[in-house]
Amino acid sequence: MELLDIKGIGDVKYKRLLKLDINTVDDLLHYYPYRYFIIKNSDIRKISNNETVIISGSVERHPTITYGARSLKKINFTLLTNEMVFRVSAFNQTYLLHKLFPGLDVVVIGKYYVPNCIVASRIIIGKLNKPKIESIYHLTKDISNKDISNYIEALINTNYKIKSNLPIELIKKYDLLDIDTAIRQIHFPSDIISLKKARIRLKYEELYNYMYGIALLKKSIRTSVFDCSKVFDKNKIESFVNELPFTLTDDQYKSLEEIYVDLRDKKSMYRLLQGDVGSGKTVVAFIACYATILAGFQTSLMAPTELLAIQHYDNACKLFSKVNIKIEILTSKVKLNKKKEVLRLIALGKVDMVIGTHSLIQDNVEFYKLGLVITDEEHRFGVDQRNKLSKKGNMVDILSMSATPIPRTYALTVYNDMDVSSIKTKPSGRRDIVTIIKTTSEMYDVLKMMADELHKKHQIYVVTPAIENDDSVLDNVVNLEKKMQIAFGSYYRVSALHGQMRSEKKEKVLSEFQKGNIDILISTTIIEVGIDVKNASMIVIMGATNFGLSTLHQLRGRVGRGNVQSYCILVCENYCDKLNILIASNDGFVISEYDFNNRGEGDVFGNRQSGDLNFKLVNISRDYKMLVKVKEDVEKMFV
Ligand code: ADP
Ligand code: MG
């Protein structure tokens, strides 16, 4: 069954779904709500000014439309409840004009202002009897929450068989829901208890797939019959290293030595290269590639985003400019003709190093003699993706890079006995980043600090957690860009970057920033991973409390990459204690330990940005006990 077979999905909506990375009906089924909205009636007698309320009542008179500030259209009507009368207004919902009529039951969700005014963020037609749970999905332009839930409902109501790998023994052992019920409940919860059960079931499934995947990978690596040993001339590597514009740190050397031993060994390498942001993992990985290439093999490096792949490619070209190595890039954006040619050269063994995104694991990529597979920011990839890449050769060594320092106690379980090399020391000459917490009421100070940096001809990142304003008060990228234009636009160049821009545009903006042609870059967290601009000396993070500490630390790692003093400014609505740990420590391990031990709910952005191995529901710190159980279960299957 295809997405286009689902009732309601036509060509236009299909394209929008692809944007959300929903490519198949299974993707759709597993496109879980990122949060839920529980609608229950506010106690009208007790509401105070500025409070978010949910009020059900009936429309008194036909609504009217007026124009608010910046000529935003506003719909207004009067809402009657048994006890009170409210004046309700709502922006951007003028389509309701002809839907609301006197006597109609509606539920209004919004902010209450004394004496009897509600600025509604949502208006739902209907009555409210018992609490209602609404699923909220991440959206993109021209796809509504309603669209997504309609499609899922339509799909569930067909006879499509939902896939599941979880063995029946485990379902019985833990008394889990069946997959059909779980999927239905996670999208359309009938009550909170069923929702919880559904989440537990689907978490088990995720953990099982993950653990099974790495167990399989480990088994195939550890029991491979192929001789993987690579013979290379270390003198050549040494002279290459001596030509580098900097001296390697002790930890970089040490990691390399460990990698050489693995490369020479008959058995495959299965190693994680762990190091804080900016610790210099990439150059270590490139040198490992060089050794492998000297031994007569091809190498490939897979990055989670196109931007990163391009950056790695540019760096590799620079780094290897003096040695005779053929490097190519492969992403979904490479033109078809060029791609064909690159694929041909790879298959013939005429390319030594291929850098790319997920495109690397496509079936049409065939290597002549692949010897080393590297994944950058490995937690961004699913296990099956890593497995796929490593299957592209018989004598493959595996090196994964990660800047998510998972505390040791967890790491052993999570990585299932992978060997680990750590880079703990930072390259010399780096100064610690100065971290400052400011509240939104102190924004003027922040602007002043920004002005100081700009005056020094340094560049600045400004990060915001949201793209579209759903019901959040957070400035979205576009608004923030406008504000920054007003503040700095007459002297400095301000530009914005977010996930929904076309990728050519994204690359253009990023490369302009890299060249120093943009002074202030407003962005969502897409800059979180890997972007390396030495002249950027300040990062301002808006709505900082919405992020997990590890994410904030990763973001902070975007600055302090050269040798000028750098600053990280965390801006939050109200002063927040937990951010102090970021002032106290610049050490990713300390921060992640703290994050792991303290993360309750909190991280609005869920798992995706919290460095959790590409899970949709699982959070390895919160679900650690479950992880351990599943690991044991899976291990039993492999003996
Ligand atoms: P990460 O570990 O976050 O991937 P990178 O490999 O991107 O870090 O390194 C960050 C920056 O530090 C790069 O510009 C890189 O060239 C530089 N770098 C790496 N190793 C050293 C070193 N030993 N001395 C000085 N600069 C280094
Ligand atoms: Mg990196």
Side-chain angles (χ1 to χ4, degrees), residues 237-238 240-257 259 271-290 301-305 307-322 353 355 374-381 399-406 420-433 459 461 510-511 513-516 525-537 539 550-564 566 568 586-589 591-592 611:
I237 300 177
E238 261 157 28
F240 175 75
V241 168
N242 289 335
E243 295 270 306
L244 290 175
F246 45 75
T247 355
L248 295 183
T249 61
D250 290 349
D251 282 351
Q252 283 174 319
Y253 271 118
K254 197 167 139 265
S255 303
L256 277 171
E257 288 301 332
I259 291 168
R271 184 171 288 280
L272 178 74
L273 179 60
Q274 208 180 34
D276 216 342
V277 276
S279 61
K281 297 182 291 292
T282 318
V283 67
V284 170
F286 283 154
I287 296 168
C289 287
Y290 187 49
L301 191 161
M302 181 161 73
T305 66
L307 293 176
L308 268 187
I310 293 169
Q311 184 178 285
H312 282 322
Y313 174 75
D314 291 342
N315 281 339
C317 290
K318 256 185 245 153
L319 199 70
F320 293 115
S321 60
K322 291 197 195 114
M353 188 172 179
I355 295 173
I374 300 175
T375 43
D376 188 18
E377 307 296 345
E378 59 77 43
H379 64 272
R380 299 259 159 162
F381 296 101
L399 182 67
S400 301
M401 294 193 269
S402 173
T404 315
I406 295 176
V420 179
S421 296
S422 297
I423 308 183
K424 294 211 161 147
T425 45
K426 290 234 165 125
S428 60
R430 295 279 169 80
R431 297 192 215 179
D432 272 352
I433 300 160
Q459 290 160 279
Y461 296 102
L510 201 77
S511 87
F513 189 70
Q514 261 159 344
K515 285 186 212 145
T525 51
I526 58 175
I527 61 146
E528 180 195 343
V529 270
I531 302 301
D532 189 27
V533 178
K534 290 199 168 54
N535 191 45
S537 66
I539 183 163
S550 296
T551 306
L552 290 171
H553 179 66
Q554 289 255 351
L555 285 167
R556 173 166 71 175
R558 295 307 111 220
V559 298
R561 302 194 142 231
N563 36 30
V564 296
S566 294
C568 168
N586 253 316
D587 180 338
F589 278 93
I591 290 159
S592 82

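In listed order, ligands and their atoms are each counted from 1. Along the sequence shown, residues carry numbers from 1.
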Check your understanding: Could you walk me through whether K426 and D432 pass the side chain to side chain contact (heavy atoms under 4.5 Å, CB included) check?
Key -> CA-CA 10 Å; K426 290 234 165 125; D432 272 352; 5.7 Å; no

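- Heavy atoms of I423 stay at 4.0 angstrom or farther from ligand 1.
- Side chain of Q274 to backbone of V420: no donor-acceptor contact under 3.5 angstrom is found.
- Taking all atoms of both residues into account, the shortest heavy-atom contact from D376 to P304 is O-CD, 3.5 Å.
- Those atoms of ligand 1 with a heavy atom of R561 less than 4.0 angstrom away are 3 (O), 7 (O), 10 (C).
- Closest heavy-atom contact between S255 and I423: OG-CG1, 3.7 Å.
- Atoms of ligand 1 found under 4.0 Å from any heavy atom of T247 (numbered from 1 in listed order, with element): 22 (C), 23 (N), 24 (N).
- Nearest to atom 6 (O) of ligand 1 by heavy atom, out of D251, L273, T282, is T282.
- Within the 4.5 Å cutoff, no side-chain heavy atoms of V283 are placed close to those of N315.
- Aromatic ring orientation, F286 versus H312: perpendicular (interplanar angle above 60°, classes split at 30° and 60°).
- Ligand 1 is approached by S279 to a heavy-atom distance shorter than 4.0 Å.
- Listed by atom number, the atoms of ligand 1 under 4.0 Å from D532 heavy atoms are 11 (C), 13 (C), 14 (O).
- Look at D251 and K424 and you find no salt bridge, because none of the NZ, NE, NH1 or NH2 atoms lies under 4.0 Å from a carboxylate O.
- Of all the atoms in ligand 1, the ones that sit under 4.0 Å from a non-hydrogen atom of L248 are 23 (N).
- Listed by number with element, the atoms of ligand 1 under 4.0 angstrom from any heavy atom of K534 are 13 (C), 14 (O).
- Contact annotation: the side chain of L244 approaches that of I287 to within less than 4.5 Å [non-hydrogen atoms, C-beta and beyond].
- Looking at G280 next to ligand 1, an N or O pair under 3.5 Å apart turns up.
- Less than 4.0 angstrom separates some heavy atom of T249 from each of these atoms of ligand 1: 23 (N).
- Interface atoms of ligand 1 facing D276, defined by a heavy-atom separation under 4.0 Å, are 2 (O).
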